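In what follows, a structure is listed as C-alpha cells, so that the remarks can point back to it.
Fair warning: this is a prediction, and the values are worked out from it, not measured in the lab.
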Amino acid sequence: MNQRMSPAKTSATFAVLIGGIHVMWSAFVALGWAQPSMDFIFRLHMVSLDFVVQPFDAATALILVAITAIIGALFGYCMAIIWNRLHRA
C-alpha cells in the first residue's frame, strides 16, 4: 500500500477547501446571512460578543479568498512533506 501523499495534490486540495470555505462566507455576507448566522452560532455556544458584520465589498472578499487559499496550499504542501517523511519505507 502506498502511503505517500503528493505535495502538489494535497496543496491544491487544501487551497480549494480553505478558499472554498471563505467563498461561502463571502456569499453569506453578500446575501445578508452572515450576521444572523454568527449570532445563532454564538448563542448555541452560550457566548455573547458584539461582532458586527460589515457590508459586502468584492475586493475585500477576493483578497480574503486569495490569502486563505494560499495559506491552505502552504499548509497542504507542508502536511504532505511531513507525512511522507514520517511514512518512509
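For the atom pair OG1 (Thr10) and CZ (Arg4), the distance works out to 11.0 Å, reported to the nearest 0.5 Å. For the atom pair Leu64 CG and Trp25 CH2, the distance stands at 10.0 Å (nearest 0.5 Å). The distance from atom OG1 of Thr68 to atom CG of Leu17, rounded to the nearest 0.5 Å, is 10.0 Å. Here OG1 of Thr13 is found 12.5 Å from CZ of Phe75. Values are rounded to the nearest 0.5 Å. Going from atom CE of Met38 over to atom CZ of Arg43 covers 12.0 Å, rounded to the nearest 0.5 Å. Distance check: Asp39 CG to Leu49 CG gives 10.0 Å after rounding to the nearest 0.5 Å.
In this structure, Asn84 and Pro7 have side chains that are in contact, with non-hydrogen atoms separated by less than 4.5 Å. For the pair Met79/Met5, a side-chain contact is recorded, criterion being any heavy-atom separation below 4.5 Å from C-beta on.
Of the possible donor and acceptor atoms, one in the side chain of Gln35 sits under 3.5 Å from a partner among the backbone N and O of Val53.
Taking the six-membered ring where tryptophan is involved, the planes of Phe42 and Phe51 are essentially parallel, since the angle between them stays under 30° and well short of 60°.
Side-chain heavy atoms closer than 4.5 Å link hydrophobic residues (I, L, V, M, F, W, Y) into clusters, and following such links, possibly through other members, connects Leu31 to Phe28. Note on Ile67 and Val23: separate hydrophobic clusters, where clusters join Ile, Leu, Val, Met, Phe, Trp and Tyr whose side-chain heavy atoms are under 4.5 Å apart, directly or indirectly. No path of Ile, Leu, Val, Met, Phe, Trp and Tyr side chains, each step under 4.5 Å between heavy atoms, connects Met24 with Leu62, placing them in separate hydrophobic clusters.
Here the shortest heavy-atom pairing between Phe56 and Ala61 reads CE1-CB, 3.7 Å. When all heavy atoms are compared, the tightest approach of Pro55 to Val29 is C-CG1, 4.4 Å.
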